[in-house]
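Each chain gets a letter, A, B and so on, in the order its sequence line appears, and its residues count up from 1. Model, not experiment: these values are computed from the prediction.
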Number of protein chains: 2
Amino acid sequence: MREAVPIHRIVVEARELFREYGYEGASMRDLADRVGLRPQSLYTRFPSKESLVREVLALTLDDTLAGLPDPATDARGAWRTLIGRIAETFEARGRCVGLHLAYGVTAQTPDAQDAVRSFFARLRDAMAEILEAGKAPEPASVAADTLAQLEGATLWITTEGDMGPLRHAVERALYVGDLGAEPR
Amino acid sequence: MREAVPIHRIVVEARELFREYGYEGASMRDLADRVGLRPQSLYTRFPSKESLVREVLALTLDDTLAGLPDPATDARGAWRTLIGRIAETFEARGRCVGLHLAYGVTAQTPDAQDAVRSFFARLRDAMAEILEAGKAPEPASVAADTLAQLEGATLWITTEGDMGPLRHAVERALYVGDLGAEPR
DNA sequence: GTCTATAACAAGATAGAC
DNA sequence: GTCTATCTTGTTATAGAC
């Protein structure tokens, strides 16, 4: 009897595929190959390819937000850690799964579309909460703008391997999160 | 004998499909349906689906840059017109074809990948040229950052229909292009 | 240039044995 | 939980008539 493949492993590999190839470009066959299963065996763990989107984004949100410093006592540290995590992932992987899925899922997969919307809304809200705890003005708007700038910078990583725009986006992000800290 | 379908029409419809569904998600059958042809007839006009990427992006670059004010005599006007065109397209269509293709084409379609890289490099260079004519500092870097910020803002249009981040990105873009104009 | 017909293949998903 | 086998559909692309 063969060792059962951990579900976490499947979701992690699915994330790699979605990030690199997008929703349409990722196939259940490729995923099965990566985890050493037959394609059909995936369907005993997940009802459909579409359902993988929610799993992938739930894992990613958890990776991003778990164990952050408490915004109430260390808003600046929470902000810097969060921005750092996002930027590190973009640098290491070259792109964002969430953005690829945001562009890649359509009304034909409404559950996946909802999962994407929910993912970004939660991430933005977590960012806004930190900014608010740090007494930054317009936290919701600034959170959305900051996330957009980080995401947009992945364009240059993907097309040219240029990390410059991401680094600039990180600098701007750290600056807006510094309000309330000692003056510079 | 039936009227021949203009090639421009096919490329325009291909652009809509690529923008909405991405490279993998767009099918030659869908494209054929849109222009009123059989899928097979497309192959007398284009050697492959991959070749459409270059055509679509060439058309888009032309739409974006054609007839701009001369940067040498009106850098501020050229910049404002260019940013306005990009932003209008993003607002009207909700997303950017170029970004969808940047994420969506892989090493398996190297010609398409090169077309995407070339598209963004040319657009950035055109923006940098305008900034340089307007005596803005670090034109190449600022051009790349500006384009990244506009692109990133489409995340919120796609997921939530929120135009706020795009409008903020436009404001920042117009600000950096105002250097050299009368002080504010 | 467009058509009909078809090739050659890969996709997501299901049934039932072990 | 994983397997073999199979179904159904959709994909890009080609051959040849008109």
Side-chain angles (χ1 to χ4, degrees), chain A residues 1-56 100-101 104-113 115-116, chain B residues 1-56 100-101 104-113 115-116:
Chain A
M1 186 162 154
R2 193 170 307 181
E3 196 76 8
V5 176
I7 202 161
H8 180 265
R9 167 97 195 287
I10 301 177
V11 176
V12 167
E13 294 293 340
R15 178 166 61 185
E16 294 297 305
L17 283 171
F18 282 147
R19 173 158 35 221
E20 191 65 21
Y21 303 108
Y23 183 76
E24 293 286 342
S27 78
M28 296 296 270
R29 183 196 165 97
D30 291 341
L31 178 56
D33 285 346
R34 286 199 175 214
V35 299
L37 286 180
R38 307 265 72 182
Q40 304 81 345
S41 301
L42 294 171
Y43 288 90
T44 63
R45 322 287 287 278
F46 305 95
S48 65
K49 179 183 174 182
E50 183 179 5
S51 70
L52 280 167
V53 171
R54 183 156 248 123
E55 304 284 340
V56 160
H100 207 160
L101 288 169
V105 299
T106 69
Q108 289 187 343
T109 51
D111 185 73
Q113 218 169 25
V116 172
Chain B
M1 185 161 154
R2 194 170 305 182
E3 196 75 9
V5 176
I7 202 161
H8 179 266
R9 166 97 196 287
I10 301 177
V11 176
V12 166
E13 294 293 340
R15 177 166 61 185
E16 294 297 305
L17 283 171
F18 282 147
R19 174 161 30 224
E20 190 64 22
Y21 303 108
Y23 183 74
E24 293 286 342
S27 79
M28 297 296 270
R29 182 197 167 95
D30 291 341
L31 177 57
D33 285 347
R34 285 199 176 215
V35 298
L37 286 181
R38 306 266 72 181
Q40 303 82 342
S41 301
L42 294 171
Y43 288 90
T44 64
R45 321 287 288 277
F46 305 95
S48 65
K49 178 183 174 181
E50 182 179 5
S51 70
L52 280 167
V53 171
R54 183 157 249 121
E55 304 283 340
V56 160
H100 207 159
L101 288 170
V105 299
T106 70
Q108 288 186 342
T109 51
D111 185 74
Q113 218 169 25
V116 171

From [X] atom [atom1] to [Y] atom [atom2], the distance as rounded to the nearest 0.5 Å:
X       : Y       : atom1 : atom2 : result
A/Ile7  : A/Glu55 : CD1   : CD    : 6.0 Å
B/Met28 : B/Leu17 : CE    : CG    : 10.5 Å
B/Thr44 : B/Leu37 : OG1   : CG    : 8.0 Å

Between N or O atoms, less than 3.5 Å apart, protein on one side and nucleotides 4-10 of chain D on the other: list the pairs.
unit_1, atom_1, unit_2, atom_2, d
D/dA5, N6, A/Gln40, NE2, 2.7

Atom-to-atom span, [atom1] of [X] to [atom2] of [N] - whole angstrom:
X       : N      : atom1 : atom2 : answer
A/Met28 : C/dT14 : CE    : P     : 10 Å
A/Arg45 : C/dA13 : CZ    : P     : 17 Å
B/Tyr43 : C/dT4  : OH    : P     : 17 Å
B/Leu52 : D/dA13 : CG    : P     : 10 Å
B/Glu50 : D/dT12 : CD    : P     : 13 Å
A/Phe46 : C/dG12 : CZ    : C1'   : 15 Å

If the condition is side-chain contact (heavy atoms from CB on, under 4.5 Å), which residues does [X] pass it with, not counting sequence neighbours?
X       : value
B/Glu50 : B/Tyr23, B/Ser48, B/Thr109, B/Pro110, B/Asp111, B/Ala112
B/Gln40 : B/Arg38
B/Arg9  : B/Val5, B/Pro6, B/Glu13, B/Val35

Using the closest heavy atom to pick a nucleotide of DNA chain D for each, name whichever of B/Asp30 or A/Ile10 lands nearer the 5' end.
A/Ile10
Salt bridge (Lys or Arg N to Asp or Glu O under 4.0 Å) partners of B/Arg15, counting only residues at least two apart:
B/Asp63
Going by number, which of residues 18-26 of chain A have a non-hydrogen atom under 4.0 Å from DNA chain C?
A/Ala26
Does the side chain of A/Leu52 reach to within under 4.5 Å of the side chain of A/Leu42, using non-hydrogen atoms?
no
Test side chain to side chain contact (heavy atoms under 4.5 Å, CB included) applied to A/Val11 and A/Phe46, step by step:
CA-CA 10 Å; A/Val11 176; A/Phe46 305 95; 4.0 Å; yes
Which nucleotide in the list D/dT2, C/dT2, C/dA13 gets nearest to the side chain of A/Lys49?
C/dA13
Which nucleotide in the list C/dG12, C/dT2, D/dG1 gets nearest to the side chain of A/Thr44?
D/dG1
